[in-house]
Amino acid sequence: MSKEKQGIKKVVLAYSGGLDTSVIVRWLIEKYGCEVICFTANMGIELKEKELRSKALKSGASKLIMKDLRDEFISDFIMPALKANALYEGRYPMATSLGRPLIAKWLVQVAHAEGADAVCHGCTGKGNDQVRVEVAVRALDPSLKIIAPLREWEMKTRDEEIEYAKKHGIPVKATKDNPYSIDVNLWGSSTECGILEDPWAEPPVDSYLELSTTDKAPDKAEYITISFEKGVPVRLNGKAMKPITMIEKLKALGCRHGIGKIDMVENRVVGIKSRETYEAPAAIILITAHKELETLTLDKDTMRVKESLMPRFADLVYNGLWFSPLRRALEAFFEETQK
Ligand code: ARG
């Protein structure tokens with residue numbers, strides 16, 4: 001055990017209730033003899049609170065803290081990204097990239113409230129998410145220790161984890177081995193792994209979550225009107241609604257018409273390329289509408305500079321630098337253009 005990690009007494013774990021984080025609870029207790037507090041955020045997908053809590057406790061956690069972060073996610077993360085028309089490498093609206101710093105922020109907050117000395121996450125050692133969570137935690141409280149079990153433990157396969165779970169009486173659902181790694185929140189879903197790693201392979205229908213494929217979309221187009229105030233969508237077809245309702249409605253609408261599927265090979269922050277597919281109907285509709293509106297409201301020079309700064313902003317967000325001075329300054333610039 002590294003010296004830095006000796007003497008860890010209380011850990012806050014970003015918990016989803018899946019196989020990885022369930023096994024992590026027990027592994028932390030075995031390895032550090034520490035107390036484990038699970039933290040689960042509602043970022044826009046329905047959570048079964050009772051089931052999740054009982055699972056966390058059965059896995060060995062001392063408690064589960066749940067927090068509805070949807071409003072904060074929209075106002076502080078999604079809206080600034082929309083005002084910037086932020087698309088990573090010109091295409092990906094960054095649902096996952098925007099969600100991680102918020103989860104990290106709350107991990108830190110919960111750690112402070114609970115007097116924990118470390119936080120822990122279940123991200124793999126190959127992806128962007130580990131970077132986002134760790135850089136954000138470091139930015140907000142450099143004194144907190146960070147544990148990344150998937151980079152540290154010996155287990156190499158899902159089967160070994162299931163074996164470990166069985167040995168320690170951790171409840172695991174006997175679900176069919178899902179070949180994909182999926183992350184979902186209000187702004188969209190991200191799917192990777194499995195056959196998708198072959199860039200020649202067309203995404204199989206089972207890799208779609210909710211989006212209708214275009215051959216199932218209705219032949220007749222639907223017309224909608226979105227009203228913005230200072231860059232924030234406030235009315236749909238003239239009807240005032242909260243952004244969360246708007247996002248949900250646009251998602252259903254976009255799904256029906258097959259809008260918002262993104263199939264791309266992207267450059268990860270860790271230096272590898274990755275084939276990813278995304279479903280982000282609401283994000284794509286809103287960004288498209290917002291951009292169109294800006295052709296009317298922005299003068300040429302402001303528009304040019306705004307467009308030139310968008311990729312920079314997207315890179316910062318994607319690379320995990322949400323809590324950086326430049327990201328904040330760019331947000332202030334974009335805000336100024338929305339008057
Ligand atoms: N490549 C995307 C990103 O870095 C999606 C990551 C999805 N994460 C996951 N655990 N499936 O933002």
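Just so you know, ligand 1 is whichever comes first in the structure, and atom 1 is the first atom listed for that ligand. Being a predicted model, the structure only gives us computed values, none of them experimental.
- Using a 4.0 Å cut-off between heavy atoms, Met94 makes no contact with ligand 1 at all.
- Comment: Glu294 engages Lys306 in a salt bridge, judged by a side-chain N to carboxylate O separation of less than 4.0 angstrom.
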| Could you go step by step and tell me if Phe77 and Trp322 meet the ring-ring contact (aromatic ring centres under 6.0 Å, His included) rule? | CA-CA 9 Å; Phe77 293 80; Trp322 184 268; 4.7 Å; yes

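- Closest to atom 3 (C) of ligand 1 by heavy atom, among Arg275, Glu276, Gln130, Arg132, is Arg132.
- Tyr278 OH, 3.2 Å is the protein heavy atom nearest to atom 2 (C) of ligand 1.
- The closest protein non-hydrogen atom to atom 4 (O) of ligand 1 is Asn128 ND2, 2.6 Å.
- Regarding atom 1 (N) of ligand 1, its nearest protein heavy-atom neighbour is Glu266 OE2, 2.7 Å.
- Side chains of Tyr318 and Asn128: a donor on one and an acceptor on the other come within 3.5 Å.
- Taking the six-membered ring for Trp, Phe334 and Phe313 have ring centres closer than 6.0 Å.
- Between Ser97 and ligand 1, at least one pair of N/O atoms sits closer than 3.5 Å.
- Protein heavy atom nearest atom 9 (C) of ligand 1, with residue, atom name and distance: Ser181 OG, 3.6 Å.
- Proximity of Leu321 to Val317: side-chain heavy atoms (C-beta onward) are nowhere separated by under 4.5 Å.
- When atom types are taken as modelled, the side chain of Glu279 and the backbone of Leu209 share a donor-acceptor pair closer than 3.5 angstrom.
- In Tyr88, neither the side chain nor the backbone holds a heavy atom less than 4.0 Å from any atom of ligand 1.
- Nearest non-hydrogen protein atom to atom 12 (O) of ligand 1 is Tyr92 OH, 2.6 Å.
- Of all the heavy atoms of Glu192, the ones lying under 4.0 Å from any atom of ligand 1 belong exclusively to the side chain.
- The residue Tyr180 has no part lying near ligand 1, judged by heavy-atom distances below 4.0 Å.
- Atom numbering of ligand 1 starts at 1 in the shown order; those under 4.0 Å from a heavy atom of Asp129 are 8 (N), 9 (C), 10 (N).
- Within 6.0 Å of NZ on Lys10 lie more than 12 heavy atoms contributed by other residues, nucleotides or ligands.
- Under a 4.0 Å criterion applied to the non-hydrogen atoms of Ser190, ligand 1 contributes the atoms 5 (C), 7 (C).
- Under the 3.5 Å distance criterion, the side-chain polar atoms of His121 are matched with a main-chain donor or acceptor of Cys123.
- Looking only at side-chain heavy atoms (C-beta outward), Val131 and Asn319 stay at 4.5 Å or farther from each other.
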